[in-house]
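In what follows, a single structure is set out as structure tokens and then discussed.
As the structure is a computational prediction, the values presented were derived from the model and not from experiment.
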Amino acid sequence: MDFPASGATANLTTTEQWRALFSPFSHIILVANSDQVSIKELQAEYPPTALFVFFNKVYKVLDEQFSGRSLLISRAQPGGANIVYRQEVADVVKLFAPDRFLGIMNIRLAASERLNSSSDYLGTPTGHLDLTGFCSDFYPDDKVPTSGFAMALWLVDQQLPVEVVLAGFSARRSEKWRVVAIHDWTFEQIFLRLFARVGKLSMHGGVAKNSYASLTSRFPELPAVEISSTIAEVLGSRLSQTDAQVDKLISLTNVLRSIDEFLRRLKPKFLKKTKL
């Protein structure tokens with residue numbers, strides 16, 4: 001089977017064009033920027049017919065040039081993609097083998113987000129996918145979907161003859177990278193795990209057994225809604241306790257944050273590259 005050539009994303013704009021690009025692959029591996037990802041192990045587990053899709057700041061997971069077939073998704077922002085306005089395009093693109101790099105898919109999910117041109121990406125072949133309002137009918141109103149969540153959902157909706165695999169989609173904080181509060185990580189994890197459980201996509205490493213599901217067999221005299229409400233009651237209580245402790249930590253670190261903010265204001269703007 002013929003696979004798309006390097007630079008194949010250039011000037012793609014329609015759903016049909018993107019479907020044609022993705023269809024020849026056996027697997028589409030969406031790789032989150034997570035400490036839980038081991039690129040070498042991941043690449044060794046899947047065939048050379050797989051396409052690896054990365055997001056934005058790939059230096060979070062790649063410390064050397066990736067040799068497999070690859071594509072970069074760059075999320076639009078109101079001020080343009082972050083790797084563009086932070087002048088990180090060259091640092092990101094060099095981490096892909098040129099002869100197997102399909103190029104950039106620049107996506108947006110809201111009308112306020114501004115798409116970038118190929119010239120903004122230093123001439124890197126670039127296509128666009130406008131998903132404005134794609135998640136608006138079900139995603140929490142006060143939050144914004146992550147690029148990985150939106151792309152996973154879009155790929156599933158296309159019903160392509162490929163296996164969609166999520167790698168590193170754990171939503172876990174780490175010492176190196178934090179999760180951003182503008183996204184509803186809990187909602188996304190629930191949604192994606194349900195997708196995995198009904199077989200619409202796969203999670204690398206599998207989905208952990210849901211121990212709560214076994215409660216229905218242990219308490220057959222209780223309706224499922226009663227068990228669910230009890231689980232929600234306990235989780236709500238624990239979350240409230242956690243919030244109280246977080247408030248204490250915030251109070252204790254007020255001085256440190258003030259010092260940090262003062263030092264950040266002293267740095268020239270071109271040196272401010274926030275790691276999200």
Side-chain angles (χ1 to χ4, degrees), residues 1-34 36-56 58 60-75 92-93 95-107 124-129 131 134 146-170 188-189 191-208:
M1 180 179 289
D2 293 332
F3 293 98
S6 61
T9 62
N11 302 316
L12 300 188
T13 57
T14 68
T15 296
E16 291 72 22
Q17 290 172 327
W18 287 111
R19 282 177 54 85
L21 181 134
F22 287 121
S23 293
F25 297 98
S26 61
H27 301 74
I28 298 176
I29 320 293
L30 302 183
V31 185
N33 292 326
S34 167
Q36 279 75 51
V37 171
S38 169
I39 295 299
K40 290 183 178 179
E41 292 179 7
L42 198 62
Q43 191 174 7
E45 185 167 335
Y46 294 96
T49 52
L51 174 67
F52 290 80
V53 177
F54 296 86
F55 297 87
N56 298 308
V58 296
K60 294 182 178 182
V61 289
L62 294 177
D63 53 14
E64 61 183 11
Q65 192 174 80
F66 181 71
S67 61
R69 291 187 171 90
S70 59
L71 179 147
L72 175 69
I73 292 180
S74 179
R75 172 73 172 271
V92 167
V93 172
L95 291 171
F96 300 107
D99 61 332
R100 291 196 152 199
F101 180 46
L102 303 190
I104 294 174
M105 172 194 267
N106 186 204
I107 68 171
T124 306
T126 301
H128 301 92
L129 183 62
L131 297 177
F134 178 60
T146 63
S147 303
F149 173 80
M151 186 49 50
L153 179 57
W154 183 84
L155 285 169
V156 168
D157 281 359
Q158 300 313 304
Q159 299 182 339
L160 298 169
V162 303
E163 182 177 349
V164 178
V165 181
L166 307 185
F169 280 63
S170 65
E188 293 193 4
Q189 281 293 300
F191 204 110
L192 294 175
R193 289 189 186 204
L194 289 173
F195 259 2
R197 287 197 165 99
V198 298
K200 291 189 175 182
L201 52 74
S202 302
M203 286 188 156
H204 179 68
V207 180

Query raised in the report: For Gln159 and Arg19, which heavy atoms make the closest approach, and how far apart are they?
Result: N-NH1, 4.5 Å

Query raised in the report: How far does CH2 of Trp154 sit from CZ of Phe134, to the nearest 0.5 angstrom?
Result: 8.5 Å

Query - Heavy-atom check, side chain of Leu30 versus side chain of Leu155, under 4.5 Å - result: yes

Query - Spacing of CG belonging to Asn33 relative to CG belonging to Leu62, to within rounding of 0.5 Å - result: 8.5 Å

Report task. Apply side chain to side chain contact (heavy atoms under 4.5 Å, CB included) to the pair Val31 and Ile39, showing each step before the final yes or no. Result -> CA-CA 9 Å; Val31 185; Ile39 295 299; 3.9 Å; yes

Query raised in the report: Backbone N or O of Thr9 within a donor-acceptor pair of the Trp18 side chain at under 3.5 Å?
Result: no

Requested in this report: Look up atom CE in Met203 and atom CZ in Arg197, then write down how far apart they are to the nearest 0.5 Å.
Outcome: 9.0 Å

Report task. Could you tell me whether the side chain of Gln17 and the main chain of Thr13 form a donor-acceptor pair under 3.5 Å? Result -> yes

**Report entry** Intermediate values then yes/no, side chain to side chain contact (heavy atoms under 4.5 Å, CB included), Phe101 and Ser70
**Finding:** CA-CA 5 Å; Phe101 180 46; Ser70 59; 3.4 Å; yes

Query - Minimal non-hydrogen separation, Ser26 against Thr49, with atom names - result: OG-OG1, 2.6 Å

Requested in this report: Decide side chain to side chain contact (heavy atoms under 4.5 Å, CB included) for Thr124 and Leu72; before the verdict, give the C-alpha distance in whole Å, the side-chain angles of both, and the deciding distance to 0.1 Å.
Outcome: CA-CA 11 Å; Thr124 306; Leu72 175 69; over 6 Å; no

Query raised in the report: Would you call Leu95 and Phe54 a side-chain contact if the rule is heavy atoms closer than 4.5 Å?
Result: no

Requested in this report: Give a yes or no on whether the backbone of Ser38 and the side-chain of Gln43 come within a donor-acceptor separation of less than 3.5 Å.
Outcome: no

Requested in this report: May I have the step-by-step check of side chain to side chain donor-acceptor pair (under 3.5 Å) for Thr15 and Gln158, ending in yes or no?
Outcome: CA-CA 9 Å; Thr15 296; Gln158 300 313 304; 5.3 Å; no

Report summary line: On a heavy-atom basis, the closest approach of Phe55 and Val53 is CE1-O, 3.9 Å

Query raised in the report: So, is the end of the Arg69 side chain (NZ or CZ) under 6.0 Å from the ring centre of Phe25 and within 45° of the ring's axis?
Result: no

Query raised in the report: What is the minimum heavy-atom distance between Ala167 and Ile29, and which atoms define it?
Result: CB-CG2, 4.3 Å

**Report entry** Spacing of CG belonging to Asn56 relative to CD1 belonging to Ile104, to within rounding of 0.5 Å
**Finding:** 10.0 Å

Query raised in the report: Any idea how His204 and Tyr46 line up, ring-wise: parallel (<30°), tilted (30 to 60°), or perpendicular (>60°)?
Result: tilted

Query - Residue pair Leu51 / Val162, side-chain heavy-atom distance below 4.5 Å - result: no

**Report entry** Spacing of CG belonging to Asn106 relative to CZ belonging to Arg75, to within rounding of 0.5 Å
**Finding:** 10.5 Å

Report task. For the pair Phe191 and Leu153, evaluate side chain to side chain contact (heavy atoms under 4.5 Å, CB included) and give the outcome as yes or no after the intermediate values. Result -> CA-CA 9 Å; Phe191 204 110; Leu153 179 57; 4.0 Å; yes

Report task. Heavy atoms only: give me the nearest Arg100-Gly68 pair and the separation to one decimal. Result -> CB-O, 3.5 Å

**Report entry** Nearest atoms (heavy-atom pairs only) where Leu192 meets Ala152
**Finding:** CD2-CB, 4.1 Å

Query raised in the report: If you draw a 6.0 Å radius around CG in Asp157, do more than 12 non-hydrogen atoms from other residues or ligands fall strictly inside?
Result: yes

Query raised in the report: Could you give the distance from CG (Leu42) to CZ (Phe52), rounded to the nearest 0.5 Å?
Result: 5.0 Å

